[in-house]
Engineer: 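One structure coming up, written as structure tokens, with questions to follow.
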Amino acid sequence: MKLFGNNIEVKCEYCSNSANAQSGYICTVKKSIKNGKCRKFKYNPTLRIPESSPEMQKFRKEDFEI
């Protein structure tokens, strides 16, 4: 079972074959991009940074009274 399903968006920040540079992510595999698509994309779930969760709603004592 895959963590995020079969339709993982191809992004260099999730790829095992990329390196983080000051100008962004760069591919470490030569000639991997063909027709605007990366042929060597290898998903690495440990590189994914989760989106922040929404703040919890704050309740008052009066909200739990009948």
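All of these numbers come straight from a predicted model, not from anything done at the bench.
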Engineer: With sequence neighbours excluded, what pairs up with Thr46 under the side-chain hydrogen bond (donor to acceptor under 3.5 Å, both in side chains) test?
Structural biologist: Asn44
Engineer: Kindly write out the residues that satisfy side-chain contact (heavy atoms from CB on, under 4.5 Å) with Asn17, not counting sequence neighbours, or none if the list is empty.
Structural biologist: Cys15, Thr28, Val29, Lys40, Lys42
Engineer: Taking ILVMFWY side chains as joined if any heavy atoms are under 4.5 angstrom apart, and letting links pass through other members, which residues group with Phe64?
Structural biologist: Phe59
Engineer: Assess whether atom CD of Glu55 is packed by more than 12 heavy atoms of other residues, nucleotides or ligands within 6.0 Å.
Structural biologist: no
